[in-house]
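Index from 1, following the sequence. Whatever order the structure lists ligands and atoms in, that order sets their numbers, starting from 1. If you're wondering where the values come from, they're calculated on a predicted model, not measured in any experiment. Heavy atoms only: backbone and side chains are in, while hydrogens, waters and symmetry mates are out.
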Amino acid sequence: MNWLTNFVRPKLQALVRKTEVPENLWEKCPHCGQMIFHRELEAALRVCTHCGYHMRIGCRLRLRLLFDDGAYQRIELPTGAVDPLKFRDRRRYGERLKEAQARTGEADAIVVAHGRMGGNGVVVAVFNFDFMGGSMGTAVGDGLIAAARLAVLQRAPLIVVSASGGARMQEGILSLMQMPRTIIAIDEVKEAGLPYIAVLTDPTTGGVSASFAMVADIAVAEPGAIIGFAGARVIEETIREKLPEGFQRAEYLLEHGMVDLVTPRAALRDTLIRVVGLLRNPGPPSAVLALPAADAGPIDAQHQHGGSVAD
Ligand SMILES: [Zn+2]
C-alpha cells in the first residue's frame with residue numbers, strides 16, 4: 001500500500017520475530033507437561049504426541065487443514081465492530097479491538113472462506129480464539145450471516161468451526177442479539193435444504209454454545225474440547241454439588257447425545273468430507289423399482305405398479 005506498510009512493518013515484524021524463535025523450539029504440553037519439539041508438534045497438527053491433547057490452533061491453519069490442497073478463497077466481511085456503550089473497563093473497548101487487530105492481522109474474531117473439500121464446494125466460517133477469546137459481537141454475527149448467505153448462493157454446505165468464550169460483553173445487549181441473529185442465518189441455510197455442520201473446538205462456551213453451535217445437522221467435536229454454557233466452577237458453586245468426571249468435555253457430550261462425533265484433528269477433514277458426501281448425495285431412493293419398467297410386458301408392469309404402491 002505505502003512505504004509504511006510495505007517496508008517499515010515487515011522490517012519491524014522481522015525484528016520482533018527473531019527474538020521469539022529460540023524460545024519456542026520446544027513447547028510444553030499443558031495437559032501432560034511433556035516437552036515437544038516444535039517441528040514434531042506442527043507435524044502432529046498441534047496435537048500432543050505423548051497424550052493426544054489437542055492444543056488450540058489459529059484460524060488460518062484450520063482453514064489450510066480443511067480445504068483441498070490447503071487452497072481457499074476468503075471473503076471480505078462487513079467491517080467494524082460497534083462500540084455503542086463507549087465501553088471501558090481497565091482499557092477502552094476500541095483500544096482492545098485495535099490491539100487485537102494489530103496482533104492477529106484479522107479484523108475480528110471470525111474468518112469466512114470458500115473452496116473445495118473432497119471435490120465439493122463448501123463454505124467454512126472459523127472462529128479466531130486469539131481475537132478477544134473468539135467472543136461474538138456484531139462483527140462475528142455479520143460474519144456468520146455472510147457465511148450463511150454465501151452457502152445459499154453457492155448451494156454449498158456450511159461448516160462452522162467454533163472456538164469462543166461466548167458473547168462479547170463490551171457490546172452489551174447487541175452481543176446477545178447475535179444469538180437469535182445467527183440462528184436465523186442458519187435457518188436460511190436449512191430452508192435452502194443445505195447441510196449445516198458444526199465443528200466444536202476448545203472452547204465452545206457461553207452465547208456461542210447457546211445459539212448456532214448447537215443446532216447443526218451434524219455436530220463434530222474435537223477430543224477433550226470444553227463445550228458448555230456456564231463454567232464448571234460457577235455451576236459447582238451454584239448447585240453446591242460435585243460435578244461428574246469429564247463434565248463439559250467433548251466425550252461426555254457424546255455419551256449424553258449432545259454431539260454426534262468426537263473426531264481427532266488428523267481425521268477431521270476426511271470425516272467432514274464423508275459427512276458432506278452422505279448429506280449431499282443420499283442416492284436415488286427408488287432406483288430399484290424404476291429399472292424393470294422399460295421392457296416389461298403389461299402383467300409385469302402391473303406387478304411393478306402394485307409393488308411401488310405397497311412400498
Ligand atoms: Zn500431552
*According to the interplanar angle, ranging from 0 to 90°, do the rings of Phe127 and Phe212 count as parallel (below 30°), tilted (30 to 60°) or perpendicular (above 60°)?*
parallel
*Of the non-hydrogen atoms in Gly134 and Ser164, which two are nearest, and what is the gap between them?*
O-OG, 2.7 Å
*Go through the structure and list residues passing side chain to side chain contact (heavy atoms under 4.5 Å, CB included) with Arg103, not counting sequence neighbours.*
Glu99, Ala100, Asp130
*Determine whether Val199 and Tyr252 fall in the same hydrophobic cluster, where Ile, Leu, Val, Met, Phe, Trp and Tyr are linked whenever their side-chain heavy atoms lie under 4.5 Å apart.*
no
*Not counting sequence neighbours, list each pair that qualifies as a side-chain hydrogen bond (donor to acceptor under 3.5 Å, both in side chains) and has a residue in residues 188-207.*
Arg56-Asp202, Arg149-Glu188, Ser162-Thr204
*Can you pull the side-chain hydrogen bond (donor to acceptor under 3.5 Å, both in side chains) pairs that have at least one residue in residues 227-244, sequence neighbours excluded?*
none
*Leaving waters out, which protein N, O or S atoms fall under 2.8 Å from the Zn ion (ligand 1)?*
Cys29 SG, Cys32 SG, Cys48 SG, Cys51 SG
